[in-house]
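Everything on this sheet refers to the single structure shown next.
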Amino acid sequence: MIRAMLSEAWQAMGANRLRTALTMLGMVIGVAAVVIMMAIGQGAQYAVQQTIGTMGSNLFIVLSGSFTTSGVRSGSAGAPTLNVADAEAIAELDGVANVAPTHQGSRQLVYGAQNWSSQVIGTTPEYLEARAWNIVQGAGFGDSDVRSATRVALIGKTVADNLFADEDPVGKTLRIQQNPFVVIGVLGSKGQNLDGRDQDDTVIVPLTTAQRKVFGTPFLGSVRMIMIQADHSENMQKTMEAVTALLRQRHRLREGQPDDFFMRNLSAAAESEAETTRTMSILLGAIASISLLVGGIGIMNIMLVSVTERTREIGIRMAIGARERDILTQFLLEAIIISIAGCLIGLLLGLGAALLVNFLSGMVIVVSGSSALVAFAVAASVGVFFGWYPARKAARLDPIEALRYQ
């Protein structure tokens, strides 16, 4: 029975190929637009997530405070209010996975006839763990190097490319502030962070070496920043509050006195960026979905025209015994065939267009099977929904009036 109805539906659509094709075009464009927009939106989300992943997870930093001279206030990290002992105390708190006291700044690097200005970071081995930074060549430094203020360095890919070109940097000696440092490892590439800074343009040295040989410090053990990694994202706020209370206690700040340090939640900033891209992705999908609605209305209009043209045929069918549900099924099958065929063509067209955008622009495009299936299912549902009314109208025609229709 269904097979016969499908055959009749196919013949009816074949009799008006141009009209069928134009009806299908609305669904094709709608599905293709949804697939392309969702691919672009998910690609943006993926790119942001990759960038966030390079920064490390569950991170926040504590910056040293500012000072005021003759009414002029410095910015954060202007006054030496943090020290290594603060970092060691923070490491003892519950919920803290890694703590890395850090002293950093821009310095000129020299190797042979080559030189390059880069960010030099003096820190402890925990810094690499907190940042999830792997070493692709050589090895890292340990706590003994920090205690001994060893002149060793880990360099990022950008530094390696600009100073050493095709040479293997491991074992070579570069100079920072005229002080020789042996390169013991090359860091894996991380690319740009959320503010566009090249994370690979970096040199990491032991904290004590940076304090004594690179930057100098008026107070022994003082640091500009302490990077802290919480053990779970759910514990971030609680851990930040515990760190604040501990530092206020250690710095003997009375109630009502402002903090002599600044705290920044790196994960919150990253999540805010991710939420923005998610919102953009939803917006793009919603805009593209309007074309599906237009395609559905097109199916309804053409089906209504078809019902009007085939009124006499419907009357003949009813006269020879066709039931109301048979007529309903017949026209509904036509709407379903148009919807599904249009969805399949639109799906293929959307996938091809997404790959073309990726090829021509280099934009990150993510086409997931779930998004394609959702677009297909929604589009097919829209087509069936708008095909129901014309089918129902055809099924409820009066057989006598239908036979009289000219």
Side-chain angles (χ1 to χ4, degrees), residues 48-68 73-106 119-124 126-133 190-202 204 207 210 215 217 221-251 253 257-277:
V48 171
Q49 288 168 357
Q50 289 294 102
T51 302
I52 292 172
T54 66
M55 294 172 60
S57 59
N58 309 329
L59 294 179
F60 63 95
I61 59 174
V62 181
L63 299 167
S64 59
S66 62
F67 63 87
T68 303
R73 300 179 65 193
S74 71
S76 58
T81 58
L82 298 175
N83 54 49
V84 175
D86 289 330
E88 292 172 349
I90 292 171
E92 299 297 324
L93 292 173
D94 293 334
V96 173
N98 285 298
V99 177
T102 303
H103 211 82
Q104 63 187 41
S106 181
Q119 182 85 352
V120 178
I121 300 174
T123 188
T124 59
E126 288 75 17
Y127 181 85
L128 297 180
E129 295 181 26
R131 293 289 312 278
W133 215 332
K190 279 184 173 286
Q192 295 182 345
N193 60 12
L194 291 175
D195 62 8
R197 188 179 65 83
D198 185 3
Q199 298 180 88
D200 300 321
D201 193 0
T202 301
I204 300 178
L207 176 61
F215 302 110
T217 174
S222 66
V223 294
R224 293 181 181 176
M225 181 181 77
I226 300 175
M227 179 171 287
I228 304 163
Q229 182 181 38
D231 55 2
H232 294 292
S233 58
E234 294 81 6
N235 294 337
M236 282 286 290
Q237 188 59 39
K238 183 179 177 181
T239 305
M240 291 174 66
E241 291 171 358
V243 170
T244 300
L246 175 64
L247 290 178
R248 287 187 63 85
Q249 181 184 6
R250 288 182 54 82
H251 298 179
L253 297 176
Q257 280 187 285
D259 295 336
D260 61 351
F261 54 87
F262 300 91
M263 192 170 289
R264 302 285 186 269
N265 188 339
L266 300 182
S267 297
E271 284 302 318
S272 175
E273 186 76 14
E275 184 61 32
T276 300
T277 59

Whether Tyr127 and Trp133 hold their rings parallel, tilted or perpendicular, with breakpoints at 30° and 60°: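 The arrangement is tilted - the two ring planes meet at 30° to 60°.
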
Distance check, rounded to the nearest 0.5 Å: [X] atom [atom1] versus [Y] atom [atom2]?
X: Met263; Y: Ile226; atom1: CE; atom2: CD1; value: 9.5 Å
X: Ile61; Y: Thr102; atom1: CD1; atom2: OG1; value: 9.0 Å
X: Asn235; Y: Asn58; atom1: CG; atom2: CG; value: 8.5 Å
X: Asn265; Y: Phe60; atom1: CG; atom2: CZ; value: 8.0 Å
X: Met240; Y: Arg264; atom1: CE; atom2: CZ; value: 9.5 Å
X: Glu126; Y: Ile228; atom1: CD; atom2: CD1; value: 12.5 Å

Salt bridge (Lys or Arg N to Asp or Glu O under 4.0 Å) partners of residues 239-250, not counting sequence neighbours, each pair once: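 Pairs touching residues 239-250 that pass the test: Asp86-Arg250, Arg248-Asp259.
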
Looking at every non-hydrogen atom in both residues, tell me the closest pair between [X] and [Y] and how far apart they are.
X: Leu253; Y: Pro258; answer: CD1-O, 3.8 Å
X: Ala130; Y: Met227; answer: CB-SD, 4.4 Å
X: Lys190; Y: Gln199; answer: O-NE2, 3.7 Å
X: Arg224; Y: Gly105; answer: NH1-CA, 4.4 Å

Of Thr81, Thr244, Leu82, Val223, the residue whose pairing with Val62 passes side-chain contact (heavy atoms from CB on, under 4.5 Å):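 Output: one option passes, namely Leu82.
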
Gln104: which of Ile121, Thr123, Thr202 passes side-chain contact (heavy atoms from CB on, under 4.5 Å):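 Running side-chain contact (heavy atoms from CB on, under 4.5 Å) over Ile121, Thr123, Thr202 with Gln104 returns exactly one hit, Ile121.
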
Criterion side-chain contact (heavy atoms from CB on, under 4.5 Å) on Leu207 and His103, from CA distance to verdict: CA-CA 7 Å; Leu207 176 61; His103 211 82; 3.9 Å; yes

Donor-acceptor pairs are to be reported for all side-chain atoms of residues 88-101 against protein atoms at under 3.5 Å, with residues two or more places apart or in another chain.
{"unit_1": "Asn98", "atom_1": "ND2", "unit_2": "Gln229", "atom_2": "OE1", "d": "2.8"}

